[in-house]
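Convention: sequence-line order gives letters A, B, ...; per-chain numbering from 1. Basis for what follows: all heavy atoms, side chains included, without hydrogens, waters or symmetry-related copies.
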There are 2 protein chains.
Amino acid sequence: MKHREEALALDRDDPLAPLRGQFALHPGVIYLDGNSLGAPPAAAAARAQAVIGSEWGEGLIRSWNTAGWFALPRRLGNKLAPLIGAAENEVVVTDTISINLFKVLSAALKLAHERDPKRRVIVSECSNFPTDLYIAQGLIEQLDRGYELRLVDDPSELPEAIGSDTAVAMITHVNYRTGYMHDMAALTGMIHQAGALALWDLAHSAGAVPVDLNGVGADYAVGCTYKYLNGGPGSPAFVWVPHRHQNAFAQPLSGWWGHRTPFAMNPRYQPDDGIGRFLCGTQPMVSMALVEAGLDVFLQTDMQTIRRKSLALTDLFIELVETRCAGMSLKLVTPRAHVQRGSHASFEHPHGYEVMQALIARGVIGDYREPHVLRFGFTPLYTRFVDVWDAVETLRDVLATEAWRSPEFAARGSVT
Amino acid sequence: MKHREEALALDRDDPLAPLRGQFALHPGVIYLDGNSLGAPPAAAAARAQAVIGSEWGEGLIRSWNTAGWFALPRRLGNKLAPLIGAAENEVVVTDTISINLFKVLSAALKLAHERDPKRRVIVSECSNFPTDLYIAQGLIEQLDRGYELRLVDDPSELPEAIGSDTAVAMITHVNYRTGYMHDMAALTGMIHQAGALALWDLAHSAGAVPVDLNGVGADYAVGCTYKYLNGGPGSPAFVWVPHRHQNAFAQPLSGWWGHRTPFAMNPRYQPDDGIGRFLCGTQPMVSMALVEAGLDVFLQTDMQTIRRKSLALTDLFIELVETRCAGMSLKLVTPRAHVQRGSHASFEHPHGYEVMQALIARGVIGDYREPHVLRFGFTPLYTRFVDVWDAVETLRDVLATEAWRSPEFAARGSVT
């Protein structure tokens with residue numbers, strides 16, 4: 001692409017363009033960090049007011065029934081299910097990814113142990129999002145039964161690492177840093193071939209790329225609602241367990257929301273039939289209610305349409321960076337092959353941190369990931385082709401003028 | 001008390017009366033269920049709009065730093081600390097009671113094991129809120145090392161039940177059903193005398209009765225923010241660990257928010273120094289921000305003033321029910337002794353469920369707990385003495401006219 005007008009033309013032809021109006025976006029900002037925190041759906045503010053003013057304020061305690069609060073984790077789970085190839089009553093929206101990972105990892109180890117007590121290895125990737133590894137480490141230490149976390153440095157090493165000693169392979173579908181996407185069907189098949197269970201983290205997949213959990217025969221999945229699903233900061237996560245595994249065992253976080261009859265106040269835990277047993281404690285209803293505002297936008301399109309635009313956006317971004325910022329020390333770390341790419345694009349730059357600060361100061365918001373990585377997320381529901389053009393022009397200017405060398409951009413200690 | 005005017009006079013003399021205006025209360029409703037879900041602080045709606053419109057909408061990803069989201073669990077913990085006798089940096093607001101209980105119970109068992117591996121019993125009460133027992137059961141089953149949950153039927157049996165085999169006594173300070181309150185100082189002393197650790201559930205205590213965790217030398221505590229603290233439906237819970245225990249061990253839910261340097265993206269978990277290690281995953285910021293609106297009301301008074309009014313309210317309620325509803329099959333199950341009473345009062349009635357439905361239909365909202373218990377919570381920040389009078393008059397009418405026999409009140413299946 002040579003001219004901004006070409007980007008504008010793509011926007012005019014974009015079937016998703018009308019959905020952009022359903023987000024509360026601010027002029028002067030090009031937001032390329034929806035892979036970390038999605039932008040607010042326009043409906044979110046009114047939804048919060050209804051929950052606080054009417055449901056909480058007027059309905060008070062009655063709203064657990066009358067406003068459907070108690071049922072919300074399941075209802076939202078069913079609304080989310082089609083986006084990830086899950087069936088009815090296989091998903092609940094609840095807790096955090098870390099907590100949900102603890103539940104399914106515990107469940108997976110237990111199931112694997114029943115099948116073959118010699119299987120004591122959890123396989124994952126060194127480059128996995130750290131909290132996944134930390135949760136596995138915490139569980140292994142707590143169990144204290146000789147379980148091992150085996151980490152590979154590169155996806156190509158997975159086939160060798162997953163073997164007859166492997167209980168479960170815990171894989172993040174799209175890498176948070178590089179945007180590398182695994183072939184979920186092939187890898188699940190390979191994991192099953194080795195007799196292990198396949199646990200998928202969909203943090204950077206749900207709402208970003210088509211996922212077909214039942215189609216590939218996966219065993220467990222967790223994911224988050226505050227990235228591409230636009231549920232709001234820290235909105236509750238989700239957990240998927242297919243019907244065939246749901247009643248095979250309990251998970252250790254056996255709180256009252258997972259009880260078969262929570263209000264019978266029985267002192268003995270009896271897990272609910274089905275996905276309900278993966279609930280634990282009382283959920284934060286205001287944050288959870290906002291998840292629905294995000295999901296409702298997805299009902300107006302489909303993941304294939306989203307994927308087409310996502311690839312067009314990342315293709316264009318990569319092309320423009322490599323042509324218009326040529327010779328400016330940017331190195332693509334995201335795979336060029338479509339089948340290996342999620343919905344963000346990352347470039348290394350020796351001064352990645354400072355460059356990103358300079359971009360943000362000019363209203364182009366991406367983020368920085370250690371070490372050296374400039375990360376740009378593309379959310380087809382609200383990102384325009386002209387945003388891609390303008391963002392690259394800003395990046396070119398920041399690099400060409402060396403604006404990033406200004407002391408104001410050198411500060412460290414960022415937490416995001 | 002013989003006349004409604006006497007109640008109105010008490011309200012005129014009530015030092016807490018001005019704080020009632022800081023809650024969004026609806027006319028025509030007498031709300032006596034703040035022990036289950038507190039009423040909304042008037043500031044909550046505007047706070048939610050600021051979080052959604054400004055912090056999320058304009059600040060976007062930057063708000064994790066600029067709006068202090070990432071620091072919120074600690075900052076709110078410090079704001080809550082004085083209400084429970086905790087020191088700075090001993091409390092975080094995060095996750096749910098059930099999850100937090102799993103963390104501290106795991107930590108307690110580990111510490112007890114290091115001190116004396118023969119201590120393998122968790123002592124609690126059969127009448128404890130079920131989720132506490134369920135979490136202990138789930139943990140015991142997961143550890144599979146011969147731990148035992150020993151439940152007593154009556155508080156008087158605790159001294160005998162807690163012995164040389166006891167790792168931890170997990171006690172709820174105020175019983176959710178009866179309102180019975182333990183002597184926290186005496187029981188903690190007795191637990192320590194037996195060489196065990198004292199874990200307190202403050203669900204019905206925080207913001208309701210004075211608590212002095214450090215004063216009594218307790219070992220761990222969890223509690224909730226959506227009851228007397230008025231944080232909103234399902235708002236995040238809290239966990240307290242005293243400085244002396246914080247670095248003694250890790251807890252198994254070792255997510256990235258508990259890491260020493262979460263954004264270094266190190267694949268190896270290293271717990272934060274101090275209370276930070278009891279955090280796990282990304283927290284729901286909209287729900288969490290509302291907790292502050294509730295806590296801010298407490299800054300304008302103190303727990304002694306609240307306790308004085310709480311006892312006056314429950315005293316009056318018990319007196320009026322026993323005089324004006326005499327002979328109507330109501331039996332007090334809450335202790336008469338002030339030192340044994342929390343901030344709610346419960347009466348048994350053979351048709352408790354139906355009676356409560358009839359009361360709610362007339363705008364007096366308490367709740368029902370299996371079996372047979374009518375439960376009435378008193379929140380001194382917004383409950384008036386005249387509310388007590390009017391509620392009892394409504395109860396008297398419902399019983400005298402047998403209005404509760406109407407078929408509309410017979411339905412079962414309530415989830416709250």
Side-chain angles (χ1 to χ4, degrees), chain A residues 24 26 31 33 36-37 40 44-45 48-49 52-53 56-58 60-61 64-65 69-70 96-99 102 106 126 130-131 133-135 137-139 142 232-236 252-256 259 263-267 269 280-287 290 365 367 370 414-416, chain B residues 24 26 31 33 36-37 40 44-45 48-49 52-53 56-58 60-61 64-65 69-70 96-99 102 106 126 130-131 133-135 137-139 142 232-236 252-256 259 263-267 269 280-287 290 365 367 370 414-416:
Chain A
H26 283 265
Y31 191 55
D33 208 3
S36 187
L37 171 63
Q49 286 315 288
I52 294 169
W56 181 15
E58 290 180 48
L60 291 158
I61 189 68
W64 284 109
N65 294 308
W69 287 347
F70 196 72
T96 64
I97 285 208
S98 299
I99 298 289
F102 189 86
S106 299
C126 211
T131 208
L133 306 181
Y134 301 161
I135 287 292
Q137 290 161 20
L139 178 61
Q142 187 205 28
S235 56
L253 298 174
S254 47
W256 69 312
H259 196 280
F263 292 92
M265 301 292 169
N266 190 310
Y269 183 72
C280 180
T282 307
Q283 291 299 298
M285 281 302 137
V286 182
S287 281
L290 304 187
I365 304 180
D367 65 17
E370 294 287 355
S414 161
V415 295
T416 60
Chain B
H26 283 267
Y31 191 55
D33 209 2
S36 187
L37 171 63
Q49 285 316 290
I52 294 170
W56 181 14
E58 291 181 47
L60 291 158
I61 190 68
W64 284 108
N65 295 309
W69 288 347
F70 196 74
T96 65
I97 285 207
S98 300
I99 298 289
F102 189 86
S106 299
C126 211
T131 207
L133 306 181
Y134 301 161
I135 287 292
Q137 289 161 23
L139 178 62
Q142 188 204 28
S235 55
L253 298 174
S254 48
W256 69 312
H259 195 280
F263 292 93
M265 302 291 169
N266 190 311
Y269 183 72
C280 180
T282 307
Q283 292 299 298
M285 282 301 136
V286 183
S287 281
L290 303 188
I365 303 180
D367 65 18
E370 293 287 356
S414 160
V415 294
T416 59

Considering only heavy atoms from C-beta outward, does the side chain of [X] approach that of [Y] to under 4.5 Å?
{"X": "A/Pro284", "Y": "B/Thr96", "value": "no"}
{"X": "B/Pro233", "Y": "A/Ile61", "value": "no"}
{"X": "B/Ile99", "Y": "A/Ile99", "value": "yes"}
{"X": "B/Ile52", "Y": "A/Gln49", "value": "no"}

Spell out, as yes or no, whether a donor-acceptor pair under 3.5 Å connects the side chain of A/Gln137 to the backbone of B/Pro267. yes
Within this structure, what is the CD-CG distance for the pair B/Gln142 and A/Leu139, rounded to the nearest 0.5 Å?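 Nearest 0.5 Å value for the CD-CG distance: 6.0 Å.
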Straight-line distance of B/His26 NE2 to A/Glu58 CD, nearest 0.5 Å: 4.0 Å
Find the one option among B/Gly234, B/Gly138, B/Ala44, B/Pro40 whose heavy-atom pairs under 4.5 Å with chain A are most numerous. B/Pro40
Out of B/Ser254, B/Cys126, B/Ala264, return the one with the most heavy atom pairs under 4.5 angstrom to chain A. B/Ser254
Could you pull out all residues at least two apart from A/Trp56 that satisfy side chain to side chain donor-acceptor pair (under 3.5 Å)? none
What heavy-atom pair brings B/Ser98 and A/Trp256 nearest, and what distance separates the two atoms? OG-CD1, 4.3 Å
Pick from [options] with the largest number of heavy-atom pairs that fall under 4.5 Å of chain B:
{"options": "A/Ser235, A/Cys280, A/Ala48, A/Ala24", "answer": "A/Cys280"}
{"options": "A/Leu37, A/Asp33, A/Leu133, A/Ile97", "answer": "A/Leu37"}
{"options": "A/Ile135, A/Leu60, A/Leu253", "answer": "A/Leu60"}
{"options": "A/Gly281, A/Gly255, A/Ser287", "answer": "A/Ser287"}

Parallel, tilted or perpendicular: which describes the rings of B/His259 and A/Tyr134, with under 30° parallel and over 60° perpendicular?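 Parallel: the ring planes of B/His259 and A/Tyr134 meet at under 30°.
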Measure B/Ile365 against the heavy atoms of chain A and call it side chain, backbone, both or neither at under 4.5 Å. side chain
